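One structure below.
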Amino acid sequence: MLKGFKNFLMRGDVIVVAVGLIVALAFSTLIKAFTDFVINPIIARAQGSHSVGLGWQLGRAGNKATYLDIGSFISVVIYFIIFMAVVYFLIVVPYKHYSARRGSLVFAEPGPVKTCPACLSEDLPAAAAKCRYCGTEQPRATGTPRP
């Protein structure tokens with residue numbers, strides 16, 4: 001049982017995913033610091049000099065529970081966009097290139113599909129001779145199949 005678990009952990013894909021997650025965590029910390037210490041002060045300054053941040057006080061003045069903080073929300077959206085761009089360009093793109101060199105396609109665009117006239121399944125490959133769901137013979141594709 002432990003040998004099977006060891007074999008599972010030592011597969012190349014699991015190692016690549018683990019390294020990717022560790023790198024993503026490190027970039028997450030870096031980007032969080034950037035948004036907290038650079039973006040947040042810029043957004044807070046946009047409202048004025050005597051403001052807690054970009055937002056409105058809905059209740060008693062000074063009560064943080066009733067402060068609608070739009071600046072923090074904008075900061076989180078910026079954080080998310082930067083983080084996803086970093087993950088995509090530093091993890092996904094190199095992994096796609098590495099996998100293509102190994103002969104496997106990951107994150108590839110799906111091929112053209114057609115609809116089965118018998119069961120109306122819409123995800124059959126355009127070159128399919130039989131439906132994978134109902135087994136009926138498929139007519140030859142005429143024209144261009146829908147992507």
Side-chain angles (χ1 to χ4, degrees), residues 1-48 51-58 64-147:
M1 183 164 95
L2 290 177
K3 185 177 180 183
F5 183 66
K6 177 185 167 201
N7 290 340
F8 169 73
L9 288 179
M10 297 312 290
R11 286 183 28 210
D13 293 342
V14 173
I15 300 298
V16 169
V17 169
V19 169
L21 287 175
I22 291 168
V23 170
L25 180 63
F27 277 113
S28 173
T29 304
L30 179 68
I31 295 167
K32 178 77 171 129
F34 175 75
T35 55
D36 285 347
F37 300 120
V38 176
I39 301 295
N40 281 354
I42 291 171
I43 293 173
R45 181 68 180 132
Q47 187 170 3
S51 177
V52 177
L54 183 61
W56 300 276
Q57 184 69 48
L58 300 177
K64 289 189 176 207
T66 59
Y67 184 72
L68 183 63
D69 195 0
I70 302 298
S72 290
F73 178 73
I74 293 170
S75 177
V76 169
V77 169
I78 292 170
Y79 169 82
F80 177 77
I81 291 169
I82 292 172
F83 183 73
M84 287 291 106
V86 166
V87 167
Y88 180 75
F89 289 111
L90 295 182
I91 296 174
V92 173
V93 170
Y95 184 66
K96 281 173 64 172
H97 180 69
Y98 170 74
S99 295
R101 286 181 45 195
R102 288 180 43 206
S104 63
L105 293 175
V106 292
F107 306 116
E109 294 292 324
V113 294
K114 64 182 176 182
T115 302
C116 174
C119 69
L120 301 177
S121 300
E122 296 182 343
D123 61 344
L124 296 178
K130 283 189 172 186
C131 177
R132 74 175 78 163
Y133 302 107
C134 66
T136 59
E137 294 288 329
Q138 296 297 304
R140 290 274 180 213
T142 56
T144 59
R146 71 175 182 86

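Every value quoted in this text rests on a predicted model; they were computed, and no experiment measured them. All values below come from the heavy atoms of this structure, side chains included, with hydrogens, waters and symmetry mates left out.
Pairs passing the side-chain hydrogen bond (donor to acceptor under 3.5 Å, both in side chains) check and including a residue from residues 75-87, sequence neighbours excluded, read Ser28-Tyr79, Asn40-Ser75. Listed by first and then second residue, the salt bridge (Lys or Arg N to Asp or Glu O under 4.0 Å) pairs involving residues 75-93 amount to none (not counting sequence neighbours).
Partners of Pro94 by side-chain contact (heavy atoms from CB on, under 4.5 Å), not counting sequence neighbours: none found. Here Ser121 pairs with nothing under the side-chain hydrogen bond (donor to acceptor under 3.5 Å, both in side chains) rule; sequence neighbours left out. Ala100 is linked by a side-chain contact (heavy atoms from CB on, under 4.5 Å) to nothing, counting only residues two or more places apart in sequence or in another chain. With sequence neighbours left out, Tyr88 forms a side-chain hydrogen bond (donor to acceptor under 3.5 Å, both in side chains) with no residue at all. A search for side-chain hydrogen bond (donor to acceptor under 3.5 Å, both in side chains) contacts involving Lys32 returns Asp36, not counting sequence neighbours.
Within 6.0 Å of OH on Tyr98 lie no more than 12 heavy atoms contributed by other residues, nucleotides or ligands.
Annotation: the span from Lys130 atom NZ to Glu137 atom CD amounts to 5.0 Å, rounded to 0.5 Å. A distance of 4.0 Å separates CD of Gln138 from SG of Cys116, quoted to the nearest 0.5 Å.
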Side-chain donor-acceptor pairs of residues 80-87 under 3.5 Å, sequence neighbours excluded:
none

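The shortest non-hydrogen separation linking Arg132 to Asp123 is NH2-O, 3.4 Å.
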